[in-house]
Amino acid sequence: MKKVFRDYDQKALDDQYEQRVWVPHADEIIKRYALKSEEVRSRLGEPRTEKYGPTPPETLDIHGSGRKAFVFVHGGAWKRQSSREQAFAAEAIIEAGAAYVALNFANLPAVTLPEMAGQVRRGIEWVRQNLSDDLVLCGHSSGAHLAACALTKLDFVRKALVVSGVYDLLPVRLSARNEYVRLDERLEHEYSPIRHVDKIRCPVTVAWGEKEGEEFFRQSREFAEKLGAPTIIGKNLNHFEIVETLADPRSPLGRAALNMLA
């Protein structure tokens, strides 16, 4: 057995970075995001949609209004989902007096990772310039990675919550995911937030599910340690379930988000 990364051979490493190995019913959970988002829109109405960049995917959905803004960057392994499925947590945020902004962007492989990260930064900058300069940033899974990358470039985010992310891209580059993420050593270094924590200026809370795979658990723990950040571990929750609790003000994740807006 040839080791590729740490104690993993190629198949074991590939499995670590393919969530459906750990959560075979992942698509059912993701469908819940969409269904719950539809329910929220049935109560709140359609969001205001704004363009923040020149290409069609560069839009954001704004739910509610307020002096503050909570910007959510969705996951999907950098290649799935859109802002449309991300309204599920909007009501709790709006009740706290903030606008809930679901950021949309192009997915891989239609763009490169640098282009995707640039879109996310532009979206966050649009919110600051046009909506509120009192801004909390949140991301889940690959969206947590993109949010953390943005934190290394932007100095105006007040607080951040990253959930079940990847913060060091070396194992991603060595895994099957690199067939579409297309990392070389330079990009791996530039877009690994854990290597640039000295550039992150705001308080960050790092969250992950108790039932994450070993590598996602390790990535989150080590990022938190490097930042000296508080952590939230979702009890009995997997990679896809933990972000759903953002909609529940009584959950540890929901409370953390609302406390950031206080």
Side-chain angles (χ1 to χ4, degrees), residues 29-30 32-50 52 59-76 81-105 120 123-144 146-148 150-151 154 156-165 202-209 229-230 232 234 237 240-262:
I29 302 171
I30 292 169
R32 290 206 303 257
Y33 303 170
L35 290 172
K36 290 179 180 179
S37 294
E38 286 294 341
E39 291 171 3
V40 167
R41 282 188 291 272
S42 74
R43 293 188 290 269
L44 298 179
E46 287 292 324
R48 167 185 155 202
T49 300
E50 297 281 358
Y52 65 80
T59 61
L60 35 82
D61 295 343
I62 304 169
H63 303 261
S65 60
R67 293 183 299 103
K68 302 176 182 180
F70 185 93
V71 179
F72 184 76
V73 185
H74 71 78
Q81 298 191 55
S82 71
S83 60
R84 189 70 180 169
E85 298 90 41
Q86 315 307 321
F88 57 85
E91 286 173 301
I93 300 300
I94 292 169
E95 289 173 9
Y100 178 87
V101 182
L103 189 61
N104 200 64
F105 44 89
V120 169
I124 298 166
E125 288 167 341
W126 188 97
V127 172
R128 184 204 186 193
Q129 293 164 5
N130 297 278
L131 199 61
S132 175
D133 59 6
D134 192 346
L135 188 154
V136 171
L137 179 62
C138 179
H140 171 241
S141 192
S142 56
L146 293 166
L151 293 176
L154 305 175
F156 57 80
V157 175
R158 187 163 65 84
K159 293 182 180 179
L161 174 62
V162 291
V163 185
S164 300
C202 72
V204 180
T205 298
V206 181
W208 64 94
I232 297 168
L237 296 173
F240 299 95
E241 292 167 337
I242 184 171
V243 73
E244 291 183 292
T245 70
L246 190 62
D248 182 359
R250 300 162 298 179
S251 73
L253 197 66
R255 284 199 306 271
L258 297 183
N259 287 339
M260 290 180 182
L261 292 167

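The structure presented is a predicted model; accordingly, all values stated were derived computationally and were not measured.
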Nearest heavy-atom contact between L60 and G123 is CD2-O, 3.8 Å

One should read off an interatomic distance between S142 OG and Q81 CD, to the nearest 0.5 angstrom, of 8.0 Å

**Request:** Considering only NZ, NE, NH1 and NH2 on the basic side and carboxylate oxygens on the acidic side, decide whether R84 and E46 come within less than 4.0 Å.
**Result:** yes

**Message:** Determine whether a donor-acceptor pair (N or O, by modelled atom type, separation under 3.5 Å) exists between the side chain of S132 and the backbone of R67.
**Reply:** yes

Going through the checks in order, is the side chain to side chain contact (heavy atoms under 4.5 Å, CB included) test met by V136 and I93?
CA-CA 11 Å; V136 171; I93 300 300; over 6 Å; no

Note to self: Quick check: do N104 and D61 have side-chain heavy atoms less than 4.5 Å from each other?
What the structure shows: no

Heavy-atom closest pair (A247 atom, A92 atom, distance to 0.1 Å) is O-CB, 3.9 Å

**Study point:** Evaluation steps, side chain to side chain contact (heavy atoms under 4.5 Å, CB included), between Y52 and N130
**Key:** CA-CA 10 Å; Y52 65 80; N130 297 278; over 6 Å; no

According to the interplanar angle, ranging from 0 to 90°, do the rings of H74 and F105 count as parallel (below 30°), tilted (30 to 60°) or perpendicular (above 60°)? parallel

To the nearest 0.5 Å, atom CD1 of I242 lies from atom CD1 of I29 at 12.0 Å

Between the CG atom in L151 and the CG atom in L146, the distance rounded to the nearest 0.5 Å is 11.0 Å

Heavy-atom nearest pair, G165 first then A144, reads CA-CB, 3.7 Å

For I124 and A150, the nearest pair of non-hydrogen atoms, with its separation, is CD1-CB, 3.7 Å

Here the gap from R128 atom CZ to L137 atom CG, rounded to the nearest 0.5 Å, amounts to 13.5 Å

d(L253 CG, L258 CG) to nearest 0.5 Å is 10.0 Å

- Query: If only atom types and distance count, is the side chain of E85 paired as donor or acceptor with the main-chain N or O of S82 below 3.5 Å?
  - Reply: yes

CG (L131) and CH2 (W126) are apart, to the nearest 0.5 Å, by 6.0 Å

Contacts satisfying side chain to side chain donor-acceptor pair (under 3.5 Å) that involve residues 243-262 (not counting sequence neighbours) are R32-E244, K36-E244, D248-R250

- Item | L154 vs E125, side chain to side chain contact (heavy atoms under 4.5 Å, CB included): CA-CA, chis, key distance, verdict | CA-CA 8 Å; L154 305 175; E125 288 167 341; 3.4 Å; yes

message = Does any part of the side chain of H63, heavy atoms only, come nearer than 4.5 Å to the side chain of I94, both counted from C-beta?
response = yes

Smallest heavy-atom separation, L261 atom then A69 atom, equals CD2-O, 4.4 Å

Worksheet item: Where does the angle between the aromatic ring planes of Y100 and F72 fall among parallel (under 30°), tilted (30 to 60°) and perpendicular (over 60°)?
Response: parallel

Pair R158 + D134: basic N to acidic O under 4.0 Å: yes

Salt-bridge present (E38, R41; N to O < 4.0 Å): yes

Q.
Just so I know, are the side chains of M260 and T205 near enough to count as touching, which here means a heavy-atom distance under 4.5 Å?
A. yes

Open item on the list: Less than 4.5 Å apart, side chain to side chain, heavy atoms only: is that true for V243 and S164?
Closed with: no

Tell me, do L44 and E91 make a side-chain contact under 4.5 Å, heavy atoms counted?
yes

